[in-house]
Amino acid sequence: MAPSADTTNRPDEWKIEQGLSGAKLPILDQTGPDTVLIQPVVWGPLTKDEAAIKAVGDPKELFKRELEGWKGYVEWEKYPEKKAKAHKILTSQTFPPNPEFQMGPIPDTNPVLPGTHWKMWHHAVGGEMTDVPEDSWKYVLKEKHPDMLHLLQFPYNGEPPKRLVTSKAITPNPLHFVRNHGGIPLIEKDKWFMELDGLVANPKKFNLDDLMDESRFPRMDKLVTMQCSGTRRIEQITLYAGQGDEVPQAPWAEGAIGTARYVGISLKKVIKECGGLINGAKHLELYGAETYFKANEAMNYVVSVPWSKVKANEVILAWEMNGEPLPKIHGYPLRVIVLGYIGARSVKWLYRIRAIENPTLAPVQSKEYLYFNQQVGKHNQRPTDGIQIQEMPVSSAIMSPWNKQAVVHNGSIRCKGWAYSGGGRWPERVELSADGGFSWYAVPNENLSAKHKWTWRTWEYDLPCDVEGWVEIVCRCWDNSLNTQPLTVRAAWNWGLHVTSSAHRISVYSINKSRALTRSRLDKFEQLGQPLAPITCPEEFQTQSWGEYNKFWKEHDPRDVDD
Ligand SMILES: Nc1nc2c(c(=O)[nH]1)N[C@H]1C(S)=C(S)[C@@H](COP(=O)(O)O)O[C@H]1N2
Ligand SMILES: [Mo]
C-alpha cells in the first residue's frame with residue numbers, strides 16, 4: 001500500500017527521529033512558554049557581485065608570484081593591502097557551505113571529501129592561486145603511495161590505511177601522512193632562501209648552502225615521530241559532533257602519525273649567527289609559503305614556538321627525510337621539525353622566521369589547535385578559553401584487528417598498533433584488555449619496537465581471549481613519566497575535537513576455535529560452503545538434530561514446572 005499522501009513526515013522521518021541524521025534536526029527553542037522549532041539553515045543559490053570583484057583589479061597583477069622559482073607562493077603577511085583585496089573578492093560572492101561530515105553520511109569515495117569551497121577560494125582569488133589545487137593533486141599522485149586514504153583532496157589531507165600505518169617502525173616517505181592547510185608550493189632549491197628577522201641583533205638571509213655549511217652549523221640527525229593533534233578524531237566525532245571545519249577538523253583515523261629520520265640543523269645555532277635575541281624576544285614565528293584561507297582572509301601558514309624549546313635544541317630546520325631530500329609535499333626544500341610538539345608547529349615550506357615577544361596572533365596559533373573544556377562550544381567559546389596545544393600527551397592505537405571485525409582464533413587475538421608520547425617522553429609499557437578495560441595484559445618488551453626519546457613504539461601481541469561473542473579490546477600506554485590515557489572518549493572529548501588521547505577501544509566478535517562446539521560448527525560451515533561473515537547473515541542449516549533436542553529435554557527438567 002502506498003503511504004498516505006496526507007502525511008507531513010519526511011521519507012526519512014524515522015531515521016531523523018532516531019538521531020541517525022542529526023544535521024536535519026530542528027533546534028528546539030524552549031526559552032519561551034512554547035517550544036519553537038528552529039529549522040536548519042537552507043543555503044540559497046550562490047551569488048557573485050561581478051562589478052565589485054572587477055573593481056578590485058587584475059588578479060594576475062595583484063596576486064602574482066612573489067619570487068621567481070617559487071610557484072604557488074604569494075606573500076600576504078607583508079602586504080595588508082593585498083590581504084584586503086583578496087578579502088573584498090571573497091566577500092563579494094558566496095561559496096558552498098562546509099560539507100556535513102559529522103552528522104551526515106560520509107561518502108564512500110577516495111578522496112573522501114573533495115574540498116570544493118577551498119578550490120573555489122583559490123580560483124576566486126585567481127592570479128598565482130589559480131593552478132594551486134590542480135598542481136597540488138599532481139604531487140599527491142606523484143609522491144604518495146597509491147594506497148593512501150585521501151581524506152580531503154584539497155587542501156590535501158591523507159593517511160595510510162591501517163594495515164600500513166605500523167607495518168614498519170620507520171614510515172616510508174610515500175606512506176607518511178600529509179596534512180596541508182593550502183596548496184603545495186613548488187619551490188626551486190637554488191632559488192630558495194629564508195629570512196631571520198624581528199628581534200634579533202643582526203637580521204640575515206640564508207640559502208640552503210649557508211645552512212648546509214657544517215663549519216657554521218653542526219648537523220643534526222634525529223628519528224622523530226610526528227603526530228597531528230587531530231589523530232583519531234573520528235572517535236570523538238562518532239561519539240558527539242563538534243566544530244566542523246573541514247580542514248581544521250579533518251576526520252582523521254589513527255594514521256595521522258608517522259616516523260622519519262630527519263637531517264638538518266638546530267634553529268638555535270642560526271639565531272646565534274644572527275647575534276641572538278634582543279629586546280625581550282621569547283618566541284619564534286615560523287612562516288610557511290602556501291596560502292591558507294580562513295574566514296574570508298588570505299594568509300600564509302604562520303605559527304610560533306617558544307624560545308625555551310629552541311634553546312633546548314629541540315627545533316630543527318630539516319632538508320632530508322629518510323635519506324632523501326624532503327618530498328615536495330612534506331615541505332621541500334626546508335621545513336621545521338619541532339620535537340615532541342603537535343605536527344602543526346613543524347612548518348613546511350619555511351621562508352621566514354621572526355623573533356617576537358609573545359606567541360603569534362596568527363590564526364593557526366591563536367584560534368586553532370585549542371583544547372577546550374567541555375562546557376565550551378559553538379555558542380560560548382572564546383579563543384582564550386582553550387589551551388594552545390604544544391606537547392602531545394601519551395596515546396596509543398590498535399591497527400589490527402578493526403572495529404566490528406569478527407576474528408576466528410585459538411584463544412588469543414593477534415593485535416598490532418602504535419604507542420606514542422610527546423614532549424620527549426616515550427612509551428614504557430603498552431597494555432591491552434579484552435574485557436573493556438577491567439583486566440590488562442602488558443605487551444612483552446620484546447614485542448615493542450626500539451625505544452627512542454622522540455618516537456613512537458610499534459607493537460604486536462597475542463591477547464588472551466577465552467570468551468566468545470562481542471568483546472571490547474582496549475589499548476593504553478604508560479609513558480616513562482607514568483602518564484597514561486583516560487579510559488573513555490567522553491572523558492577527553494572537546495569542541496575542537498583535538499588530542500583524542502583516550503584508550504583506544506574496538507569491538508571485535510570473538511569466534512574461539514579452541515572451544516569444541518565452535519570448532520565443530522566452523523567445520524560444518526566449511527562442509528556446507530556457508531560463508532562466515534557477516535555475523536548478521538542468518539544460517540540456513542539446523543544447529544541441532546531433533547534427536548539431540550528431544551534427548552536433552554528427556555534428561556532435564558522441563559521448561560515450566562507445575563508447582
Ligand atoms: N606550511 C605548512 N606547514 C605545516 C602545515 C601546513 O598546512 N602548512 N600543516 C601542519 C600540520 S597541522 C601537521 S600535522 C604537519 C604535518 O606534516 P606532514 O604533512 O609532513 O606529515 O605539518 C604542519 N606544518
Ligand atoms: Mo596537525
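No experiment lies behind these values; they were computed from the predicted model shown. Atoms within each ligand, like the ligands themselves, are counted from 1 in listed order.
Distances below 4.0 Å separate heavy atoms of N180 from the following atoms of ligand 1: 7 (O). Annotation for ligand 1: atoms under 4.0 Å from non-hydrogen atoms of G288 are 1 (N).
By the criterion of a heavy-atom distance under 4.0 Å, the backbone of S346, and not its side chain, is placed next to ligand 1. For Y369, every heavy-atom contact with ligand 1 shorter than 4.0 Å involves the side chain, none the backbone. Contact annotation: for H176 versus ligand 1, heavy atoms closer than 4.0 Å belong to the side chain alone.
Between the side chains of W418 and T166, no donor-acceptor pair of N or O atoms lies under 3.5 Å. A donor-acceptor pair shorter than 3.5 Å can be found between the side chains of H150 and Y156. For W70 and E68, the side-chain atoms include no donor-acceptor pair closer than 3.5 Å.
For R233 (side chain) and A250 (main-chain N/O), a donor-acceptor pair under 3.5 Å exists by modelled atom type.
On a distance-only criterion, Q227 and ligand 1 share no N/O pair closer than 3.5 Å. At a 3.5 angstrom cut-off on N or O pairs, H181 counts as close to ligand 1. For ligand 1, the polar-atom distance check finds an N/O of E290 within less than 3.5 Å of one of the ligand's N/O atoms. For the pair F177 and ligand 1, the shortest N or O to N or O distance falls below 3.5 Å.
Considering only non-hydrogen protein atoms, atom 5 (C) of ligand 1 sits nearest to Y301 CZ, 3.6 Å. With hydrogens left out, the protein atom closest to atom 19 (O) of ligand 1 is K348 NZ, 2.5 Å, a heavy atom. Among protein heavy atoms, the minimum distance from atom 23 (C) of ligand 1 is reached at G343 O, 3.2 Å.
One finds a salt bridge joining E391 and R425 here, because a Lys/Arg side-chain nitrogen approaches an Asp/Glu carboxylate oxygen to under 4.0 Å. A salt bridge does not link R352 to E75: none of the charged nitrogens lies less than 4.0 Å from a carboxylate oxygen. A salt bridge does not link E320 with R261: none of the charged nitrogens is closer than 4.0 Å to a carboxylate oxygen.
Residue R335 holds the heavy atom nearest to atom 20 (O) of ligand 1 of all those in M226, R335, E159.
Two residues are said to be in side-chain contact when any heavy atoms from C-beta on lie closer than 4.5 Å; I265 and W319 meet this criterion.
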